[in-house]
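Report on the following structure.
No hydrogens, no waters, no symmetry mates; every other heavy atom, side chains included, goes into these values.
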Amino acid sequence: DVQLVESGGDSVQAGGSLRLSCVASGLTYYMYALAWFRQAPGKEREGVAAIDSDGRITYADSVKGRFNISRDNALNTLALQMNSLSPEDTAMYYCAAEQLSRRFNPALAPERYIFWGQGTQVTVTS
């Protein structure tokens, strides 16, 4: 079975930084595009950042210049470095791995991804 396990969520003050991690198991990791999504209460899940199997990266406009996604195929890990956090970044953050047959979808489209972690909470206070 495929498992994605996130960690690193916390409560921080505005302007602070956090680093989220996701460890994957049960899939041929290097073949898959991976992404971070987030969902705030009452809002739809939105794509934050994605990195495909060739290392191409896509960011949502709202996080460009502040967040950095990276992957380590040797360790089956995905990371999200988040800097200059604001209260608008408060959400549950999820890592996701794509369904290979859906990779024609845009990098930050939730429908591209089939495997999801349980989420890690990020809270930014002003």
Starting at [atom1] of [X], measure out to [atom2] of [Y] and round the result to the nearest 0.5 Å.
{"X": "Met92", "Y": "Thr123", "atom1": "CE", "atom2": "OG1", "answer": "8.5 Å"}
{"X": "Leu100", "Y": "Ile114", "atom1": "CG", "atom2": "CD1", "answer": "9.5 Å"}
{"X": "Ser70", "Y": "Leu78", "atom1": "OG", "atom2": "CG", "answer": "7.0 Å"}

Does Leu20 reach the side chain of Arg38, with side-chain heavy atoms less than 4.5 Å apart?
no

Sorted by first residue and then second, give each side chain to side chain donor-acceptor pair (under 3.5 Å) pair with at least one member in residues 7-17; sequence neighbours left out.
Ser17-Asn83

So which pairs with a foot in residues 49-58 pass side chain to side chain donor-acceptor pair (under 3.5 Å), sequence neighbours left out?
Asp52-Arg56, Asp54-Arg56

Mind jotting down which residue pairs meet the ring-ring contact (aromatic ring centres under 6.0 Å, His included) criterion with at least one end in residues 36-66? Sequence neighbours excluded, please.
Phe37-Tyr113, Phe37-Trp116

When you measure from the side chain of [X] to the backbone of [Y], do you find a donor-acceptor pair of N or O atoms at a distance under 3.5 Å?
{"X": "Glu6", "Y": "Gly119", "answer": "yes"}
{"X": "Arg102", "Y": "Glu111", "answer": "yes"}
{"X": "Gln39", "Y": "Ala91", "answer": "no"}

Looking only at heavy atoms, which two atoms of [X] and [Y] are closest? And how far apart?
{"X": "Leu4", "Y": "Ala24", "result": "CD2-CB, 3.4 Å"}
{"X": "Leu108", "Y": "Ala60", "result": "CD1-N, 3.6 Å"}
{"X": "Gly9", "Y": "Val122", "result": "CA-CG2, 4.2 Å"}
{"X": "Arg112", "Y": "Asn105", "result": "NH1-O, 3.0 Å"}
{"X": "Pro87", "Y": "Ser126", "result": "CG-CB, 3.9 Å"}

Following the transitive rule for hydrophobic clusters with a side-chain heavy-atom cut-off under 4.5 Å over Ile, Leu, Val, Met, Phe, Trp and Tyr, establish whether Leu34 and Leu75 coincide in one cluster.
no

Do Val5 and Tyr94 share a hydrophobic cluster, counting only Ile, Leu, Val, Met, Phe, Trp and Tyr and linking them when any side-chain heavy atoms are less than 4.5 Å apart?
no

With sequence neighbours excluded, what pairs up with [X] under the salt bridge (Lys or Arg N to Asp or Glu O under 4.0 Å) test?
{"X": "Arg66", "value": "Asp89"}
{"X": "Arg103", "value": "Glu98"}
{"X": "Lys64", "value": "Asp61"}
{"X": "Asp1", "value": "none"}

Selection residues 39-87 - residue pairs positive for disulfide (SG to SG under 2.5 Å), sequence neighbours left out:
none

Any disulfide (SG to SG under 2.5 Å) involving residues 25-126? Give me the pairs, sequence neighbours left out, ordered by first then second residue.
Cys22-Cys95

Just wondering, are more than 12 heavy atoms of other shown residues or ligands nearer than 6.0 Å to CD in Gln3?
no

With sequence neighbours left out, what residues match [X] under side-chain contact (heavy atoms from CB on, under 4.5 Å)?
{"X": "Val2", "value": "Leu27, Phe115"}
{"X": "Tyr30", "value": "Thr28, Asn73"}
{"X": "Val23", "value": "Thr77"}

Residue pair Val124, Leu18: steps toward the side-chain contact (heavy atoms from CB on, under 4.5 Å) verdict
CA-CA 10 Å; Val124 185; Leu18 280 175; over 6 Å; no

